[in-house]
Amino acid sequence: MKDCLFCNYDKEEYIAENEMGFAIFDNFPVNEGHALIIPKRHFQNFFDATEEEIKGLYSLLHEVKEIVDEKYSPTGYNVGVNVGYDGGQTIMHLHIHLIPRYKGDVENPRGGIRKFKKELVPYNG
């Protein structure tokens with residue numbers, strides 16, 4: 001796709017790659033080491049991925065986790081996908097967020113990403 005940021009991403013910035021996708025560090029990281037796993041085929045919705053793509057992206061996710069572990073030594077992770085505009089997706093090319101978490105990055109990490117931003121819905125679970 002001609003005007004897609006991810007379809008035109010500079011390969012020099014890839015931190016990992018396989019047949020199904022590639023990974024980069026997020027340009028607007030939530031935390032140090034925040035990475036994106038992106039399929040090579042252009043499509044928007046996670047639920048449109050083939051089984052082969054999911055397997056390839058899953059493999060790449062593990063490879064990138066090892067890279068982030070070695071470089072940043074996080075003590076936890078959040079993994080997420082925003083699907084569609086109303087799901088928070090801003091770049092309409094599927095991408096999986098690998099967000100490293102660190103002891104003390106929030107006062108109480110219970111509830112996961114809900115604690116990252118004070119304006120998120122409270123978690124009472």
Side-chain angles (χ1 to χ4, degrees):
M1 183 142 256
K2 186 169 81 168
D3 59 345
C4 174
L5 173 69
F6 292 152
C7 287
N8 296 296
Y9 217 84
D10 183 358
K11 289 185 177 194
E12 299 278 324
E13 295 189 47
Y14 289 7
I15 57 174
E17 179 181 20
N18 67 19
E19 188 178 308
M20 291 293 121
F22 63 95
I24 59 173
F25 284 116
D26 194 303
N27 287 331
F28 302 97
V30 171
N31 249 353
E32 190 172 51
H34 180 170
L36 304 175
I37 291 62
I38 303 162
K40 290 181 177 177
R41 179 173 72 92
H42 180 87
F43 61 101
Q44 174 180 333
N45 191 319
F46 177 84
F47 300 102
D48 292 336
T50 67
E51 186 174 340
E52 183 181 22
E53 285 168 327
I54 292 297
K55 287 178 181 178
L57 296 174
Y58 182 77
S59 175
L60 198 53
L61 184 66
H62 280 271
E63 183 180 341
V64 173
K65 180 195 176 290
E66 288 180 22
I67 292 167
V68 173
D69 281 347
E70 187 157 320
K71 186 169 183 173
Y72 297 103
S73 302
T75 53
Y77 279 95
N78 292 115
V79 178
V81 179
N82 300 325
V83 179
Y85 177 82
D86 291 329
Q89 188 173 0
T90 55
I91 297 174
M92 297 307 166
H93 182 135
L94 172 66
H95 52 288
I96 302 168
H97 293 264
L98 178 66
I99 304 171
R101 299 295 304 274
Y102 302 93
K103 186 172 184 64
D105 64 3
V106 295
E107 188 177 322
N108 177 1
R110 189 165 181 232
I113 63 166
R114 295 173 191 272
K115 295 294 182 105
F116 247 115
K117 302 277 185 182
K118 294 195 184 308
E119 67 270 14
L120 292 178
V121 177
Y123 180 70
N124 297 319

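The structure presented is a predicted model; accordingly, all values stated were derived computationally and were not measured.
- F47 and V81 fall within a single hydrophobic cluster, where Ile, Leu, Val, Met, Phe, Trp and Tyr side chains are chained together by heavy-atom contacts under 4.5 Å.
- L61 and F25 end up in the same hydrophobic cluster when Ile, Leu, Val, Met, Phe, Trp and Tyr side chains are linked at under 4.5 Å.
- Heavy-atom minimum distance, V68 versus P100: CG1-CG, 3.6 Å.
- Judged by distance alone, the side chain of E53 and the main-chain N or O of T50 form a donor-acceptor pair under 3.5 Å.
- Counting heavy atoms from C-beta outward, Y9 and I38 have side chains that stay 4.5 Å or more apart.
- Nearest heavy-atom pair across L57 and G21 is CD2-CA, 4.2 Å.
- Distance check: L36 CG to L94 CG gives 10.5 Å after rounding to the nearest 0.5 Å.
- Cluster annotation: V79 and L60 are assigned to the same hydrophobic cluster (Ile/Leu/Val/Met/Phe/Trp/Tyr, side-chain heavy-atom contacts under 4.5 Å, transitive).
- Taking the side chain as every heavy atom from C-beta outward, H42 and F6 never approach each other to under 4.5 Å.
- Annotation: side chain of M20 is not in contact with side chain of K55 (no heavy-atom distance under 4.5 Å).
- Cluster annotation: F46 is not connected to L5 through the hydrophobic network of ILVMFWY side chains, with a link wherever side-chain heavy atoms come within less than 4.5 Å.
- For the atom pair CD1 of I91 and CG of N82, the computed distance is 10.5 Å after rounding to the nearest 0.5 Å.
- Other residues, nucleotides and ligands contribute more than 12 heavy atoms inside 6.0 Å of the OH atom of Y72.
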| Pair L98-K65, side-chain contact (heavy atoms from CB on, under 4.5 Å): steps then yes or no | CA-CA 8 Å; L98 178 66; K65 180 195 176 290; 4.2 Å; yes
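- Considering all non-hydrogen atoms of both residues, E32 and Y102 come closest at O-OH, 2.6 Å.
- One finds the CG atom of D3 at 12.5 Å from the CE atom of M92 (value rounded to the nearest 0.5 Å).
- How far CD of E13 is from CZ of F22: 10.5 Å, rounded to the nearest 0.5 Å.
- Between R41 and A49 the shortest heavy-atom distance is NH2-CA, 4.1 Å.
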| said: The test is side-chain contact (heavy atoms from CB on, under 4.5 Å); show your working for K40 and E17 and say whether it passes. | reply: CA-CA 10 Å; K40 290 181 177 177; E17 179 181 20; 2.9 Å; yes
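- The hydrophobic clustering, which links ILVMFWY residues whose side-chain heavy atoms are closer than 4.5 Å, places F43 and V83 together.
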| How far apart are the C-alpha atoms of Y14 and I24, what are their side-chain angles, what is the distance that settles it, and do they pass the side-chain contact (heavy atoms from CB on, under 4.5 Å) test? | CA-CA 5 Å; Y14 289 7; I24 59 173; 4.2 Å; yes
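- A donor-acceptor distance shorter than 3.5 angstrom exists from the side chain of N18 to the backbone of G56, with no hydrogens or angles considered.
- The minimum heavy-atom distance linking Q89 with G84 is given by the pair OE1-N, 2.7 Å.
- Between the side chain of N8 and the backbone N or O of K2, at least one donor-acceptor pair lies under 3.5 Å.
- Here H34 contributes atom NE2 and N78 contributes atom CG; the two are 9.5 Å apart, rounded to the nearest 0.5 Å.
- In terms of heavy-atom proximity, V64 sits nearest to A35 at CG1-CB, 3.7 Å.
- No donor-acceptor distance shorter than 3.5 angstrom exists from the side chain of H97 to the backbone of H95, with no hydrogens or angles considered.
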